[in-house]
Every structure is written in structure tokens, then in C-alpha cells.
Amino acid sequence: MILARRSVLAGLALAAATGARAQAARAYDTIVIGAGLSGLRTAMMLAEEGQRVLILEASRRIGGRIFTLDALPGHPEAGANSLLSGYGRALDLCATLGLPLIDVSPRAKLARTDLVIGGERITMADWKTSPRNPLPEAWRALPPAAVPLTIAGKTATLEGEDWCDPANAPLDIGMDKALQRAGLSPAAIDLAYNTNPGYGRDASEVSLLNLLFVSSFFATQTASGGKDHVVTGGNQRLPEAIARTMKAELRLDTPVAAVTQDSAGVEVRTAGGERLRAARVVCAVPLGPLGRIAFDPPLPPLHAEAARSVPYMAIRQAHIVADTPFWTADAPPASLWTDQPVGTLAANRGGATDAEITSFTAWSRGALAETLDAMPGEDASRQILDGIARAWPASRGRLRVAATHSWKTGPWQGGAWAVWKPGQASRLPRSVGAVHGRVHFCGEHSALSARGMEGALESAERVAVEILLA
Ligand SMILES: Cc1cc2nc3c(=O)[nH]c(=O)nc-3n(C[C@H](O)[C@H](O)[C@H](O)COP(=O)(O)OP(=O)(O)OC[C@H]3O[C@@H](n4cnc5c(N)ncnc54)[C@H](O)[C@@H]3O)c2cc1C
């Protein structure tokens with residue numbers, strides 16, 4: 001009798017639990033996967049329209065590729081650095097959220113960059129006539145870092161509706177070919193592109209079309225006022241403010257493993273085995289992590305190809321501090337662009353005055369980042385500090401690496417930004433944002449007009465409109 005009563009109670013409890021699950025199963029209008037800028041902004045907009053929204057974030061923090069190092073002096077950025085003048089969406093969002101901005105353009109004007117090539121330190125004033133300059137006459141005055149985008153922008157023109165319009169397919173060639181056509185020798189390409197690449201491991205790995213998109217985007221930013229802004233206290237305050245004010249539910253430490261859709265809705269399975277249902281799902285994750293989610297039905301062929309094969313930029317940063325500044329205000333240290341295993345060194349000005357240098361960031365890119373990632377951290381730091389000391393002897397023993405961050409090795413990004421290879425740039429970018437039944441896709445890689453944070457916001461707007469009009 002007691003047993004029977006117990007089993008009735010257990011049955012009622014089970015029924016209640018199942019009912020609660022069924023209710024939960026119907027509870028969300030939209031589940032957003034990823035709490036980077038694009039996912040947070042999508043959730044914010046849908047919640048503002050009355051939707052019940054849940055965000056599932058794999059890591060223990062929000063912001064994704066926005067990542068301010070709050071423990072270091074001056075709040076240096078490990079991720080997104082600046083909001084540019086033409087970032088209409090981002091600037092407007094900061095104003096709406098009451099986030100004050102700092103115009104850091106005056107700081108950029110104070111910065112001086114010296115080159116260190118073959119162990120020799122060369123000022124920009126001496127670069128044009130330096131025997132170490134392998135560039136042809138037309139491009140000789142350019143600093144190596146400016147060569148790829150300048151040549152892309154001055155030697156080719158975009159056609160059509162957007163940068164990846166099929167009309168631009170003839171420009172979907174390797175950047176190495178574009179540089180050869182501009183008269184650069186293999187040695188010049190090696191120095192100006194492959195030494196500290198911005199996109200890919202070397203010039204052959206990126207499409208000219210990708211760099212044309214970047215150069216036209218920067219030209220628009222310059223035409224819009226040419227200013228750089230950061231959020232006061234660090235760019236991390238932007239995702240934090242969205243998360244604080246939005247009416248959506250957010251769960252951290254909850255990677256999504258599978259997405260299954262049928263005519264009634266979408267089921268999302270977390271890596272922990274929990275199953276959640278919603279009418280629609282937004283994938284706001286980069287392409288590499290997207291490829292590790294199991295989709296049923298499978299991703300459309302071009303989404304799957306992009307998730308499998310679009311490389312993401314390897315960037316590793318060492319954040320360096322001087323416990324006691326050992327330079328004088330009238331002779332501040334220069335930033336360095338080197339062909340040594342240091343990569344480039346940026347002097348960060350994050351203090352109360354524009355001139356104050358608060359930390360340094362050594363940026364390793366491409367193959368150098370991958371080499372350092374494979375080394376024990378202490379060895380990598382020693383190599384970087386040694387390299388800096390060779391170029392700047394006064395720094396020996398006075399600097400220490402306070403933090404490092406690699407965007408390539410982290411599981412939830414796979415790199416700093418998408419790099420469209422030759423042959424991909426005119427085919428894939430338009431496809432990766434296409435709706436797949438009840439599943440939508442956003443993120444920086446799917447933006448067609450803007451790049452970086454502004455691109456992430458552009459893609460969030462597209463997806464929110466897709467869902468609200470569905
Ligand atoms: C070093 C660096 C410098 C940059 N500089 C600038 C700059 O100066 N200006 C600029 O505008 N932009 C810059 N950017 C680019 C900018 O940071 C990004 O374009 C933008 O933040 C991307 O936002 P997102 O939402 O598309 O992706 P992300 O920020 O990558 O967000 C994706 C989120 O999805 C989560 N996720 C992944 N897989 C799963 C899963 N299976 N389940 C649940 N969650 C998952 C991730 O943890 C992450 O939080 C920079 C980026 C880097 C790395």
C-alpha cells in the first residue's frame with residue numbers, strides 16, 4: 001500500500017517534471033548560441049520586441065573577442081581595440097547604454113614606430129633610402145605594415161553590390177599575385193607581407209578581394225572622420241552593459257553541442273546533455289566552433305565548406321609592463337615593427353594623459369604566433385623580452401610579461417578573424433549568413449558592409465530582422 005502510494009507520488013512528481021520540461025520546451029522564442037557582441041546584440045533586440053530569449057555561452061565570460069585585461073595598468077585590450085568614426089551602430093549603442101567614449105586619436109598621433117630589420121634599428125625617416133628596403137620605387141616610402149592594404153586599394157577596384165559580389169570574382173586571387181603584379185620581388189613580399197601578416201600565414205593564403213574589403217572599409221572610416229575611440233574603462237564595458245540591461249536570460253559555461261530542427265521548432269543540446277527548445281535558433285559563433293556543432297539536418301553545403309575550410313588569423317599577444325617606468329616623458333619609447341621573433345611591439349597609452357605609456361603589447365601573427373603557442377609559456381616570454389632588449393637595450397631586465405593571450409588556441413574562436421582564401425572570397429561570405437530553416441547565422445564573418453565590432457552588430461541587425469519578419 002505504502003509502495004503503491006509512493007509510486008503514485010513518484011508518478012505525479014514525474015508528470016509534474018515532464019510538464020515543466022514540456023513547458024520549458026515551449027518556453028523560448030529564440031535561443032542564441034554565443035555571447036559575443038553579435039549574439040548579445042541579437043538577444044537584446046529580440047527581447048526588446050517582446051521575445052523570450054535565452055543565450056547559451058560556452059565560456060565563463062561574455063564578450064568573446066572583446067576582452068579587456070582589467071587587472072593590467074591602463075586596461076589594455078586583448079581583443080577589439082578601437083571603434084572607428086564610421087561605426088554608426090556601435091557609437092549609437094554606446095550612447096544608448098550610457099557608455100562614455102574616449103577619443104584616442106591624439107594618442108595615435110603621439111606614437112612613433114621604428115623598424116628593426118636584420119638586427120638594425122631604422123627610423124621611418126631613414127626607411128626610404130635604407131639599403132635594407134627591398135620595395136620598388138613606387139612603394140618605397142611606405143612602412144612595411146602599410147604595403148599590403150595600400151597596394152590592394154590602389155591597384156584594384158571593387159564592383160557590384162558588395163565586396164564579395166560575384167562580379168568581383170576576377171579579383172579573388174592570391175595576394176601574393178597582386179603584390180607581384182605591383183612589382184614586388186619575393187624578398188619584398190616576404191618582408192612587407194609574410195613577416196607580420198594581418199591576414200593568413202602568408203600572402204598566398206589570403207584573397208586580394210579580402211584585402212580590398214578591408215582597405216575600402218578603412219577608407220570609409222577615414223572619410224567618416226578618421227577618429228579612434230575606446231569605451232572608457234575598456235571595451236569590455238560594452239558587452240557588460242548589454243548583458244546588464246537586456247531582458248534575455250544568459251547562461252555561461254554552457255557549450256552547445258547539437259542543433260536539431262523539425263517543422264515545429266528547434267532543439268538545442270548542450271555539451272552537458274540538457275535539451276532546450278525554441279521556435280528559432282541563432283548561431284552567433286565563429287566558423288570553426290560552428291563546424292563542431294552537430295546539425296540535423298546538416299548545414300547547407302556552403303556553410304559546411306566555410307566552417308571546415310576558412311582559416312582564422314593566428315594572433316598571440318604578450319602584455320608587458322614596466323613596474324617602474326625607465327624612460328623620460330620627452331623621450332618616450334617607440335613602438336617597434338620587427339622581422340625578429342618579437343613580431344611587433346605597441347606602446348599602449350591608457351593613462352590619465354594621452355602621453356602616458358601604461359603597458360606594451362607584443363603582437364605575434366601567423367606562423368610566429370603558432371611557433372610561440374607551441375613553446376612553453378616562459379620560454380616564449382623570454383624570447384620576446386630578449387628580442388625587445390636587443391632593439392631597446394635600456395629595457396633589459398626592466399620589463400615583464402604580465403599576461404598572454406592566444407586567439408588561435410582558445411576553443412571558442414579558433415583565431416582572431418576570418419581570412420578568406422583565394423577562391424573563397426567571391427563564393428562563401430554571402431552564403432554563411434543564409435538562413436537554414438529555423439536556424440540563423442550571425443557574427444563578424446557574415447557581415448557584408450562592415451568589419452570587426454561594427455560587422456558583428458550589422459550581422460545582429462540582419463538576423464533580428466529575419467526572425468521578427470519570419
Ligand atoms: C586581437 C583582436 C583585435 C581586434 N581589433 C578590433 C578593432 O580594433 N576594432 C574592431 O572593430 N574589431 C576588432 N576585432 C574584431 C572584433 O573583436 C570581432 O569582430 C567581434 O568582437 C566579433 O564578435 P562576434 O560576436 O562575431 O564573435 P565572438 O566575439 O567570437 O563571439 C562568439 C561567442 O560564441 C561563443 N561560442 C563559440 N562556440 C560556442 C558554442 N558551441 N556554444 C556556445 N557558445 C559558443 C564564444 O565563446 C564567444 O563568446 C579584433 C579582434 C581581435 C581578436
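As the structure lists them, so they are numbered: ligands from 1, and atoms in each ligand from 1.
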Tell me whether Gly443 has any N or O atom under 3.5 angstrom from an N or O of ligand 1.
no
For ligand 1, is Ala78 a contact, meaning one of its heavy atoms is under 4.0 Å away?
yes
Below 4.0 angstrom from a heavy atom of Ala284, which ligand 1 atoms are there? Numbered from 1 as shown, please.
32 (C), 33 (C), 34 (O)
Of all the atoms in ligand 1, which lie at a distance below 4.0 Å from a heavy atom belonging to Pro289?
37 (C), 38 (N)
Heavy-atom contacts with Ala416 under 4.0 Å: which atoms of ligand 1 show up? List them by number with element.
53 (C)
salt_bridge(Arg382, Asp379) N-O dist < 4.0 Å
yes
Test your reading of the model: is there a side-chain donor-acceptor pair from Glu458 to the backbone of Glu454, 3.5 Å cut-off?
no
Distance under 6.0 Å and angle within 45° of ring axis: Arg451 vs Phe213
yes
Give the ring-plane orientation class for Phe67 versus His405, where under 30° counts as parallel, over 60° as perpendicular and anything between as tilted.
perpendicular
Within less than 4.0 angstrom of ligand 1, does Tyr87 place any heavy atom?
yes
Proximal ligand 1 atoms for Ser38, defined as those under 4.0 Å from one of its heavy atoms
24 (P), 25 (O), 26 (O)
The atoms of ligand 1 lying under 4.0 Å from a heavy atom of Leu56, numbered in the order shown, are 43 (C), 44 (N)
Protein heavy-atom partner closest to atom 26 (O) of ligand 1 - residue, atom, separation in Å
Glu444 N, 2.8 Å
Contact between Arg430 and Leu448 at the side-chain level, heavy atoms closer than 4.5 Å - yes or no?
yes
One thing to verify: whether Arg462 and Glu466 come together as a salt bridge, which I'm taking to mean a side-chain N less than 4.0 angstrom from a carboxylate O.
yes
So, regarding Trp412 and ligand 1 (criterion: nitrogen or oxygen to nitrogen or oxygen, under 3.5 Å), is there a contact or not?
no
Distance under 4.0 Å to a non-hydrogen atom of Gly64: what atoms of ligand 1 satisfy this?
29 (O), 48 (C), 49 (O)
Check if Gly79 has a non-hydrogen atom at a distance under 4.0 Å from any atom of ligand 1.
yes
For ligand 1, is Gly63 a contact, meaning one of its heavy atoms is under 4.0 Å away?
yes
Is Pro286 in polar range of ligand 1, meaning some N or O pair under 3.5 Å apart?
no
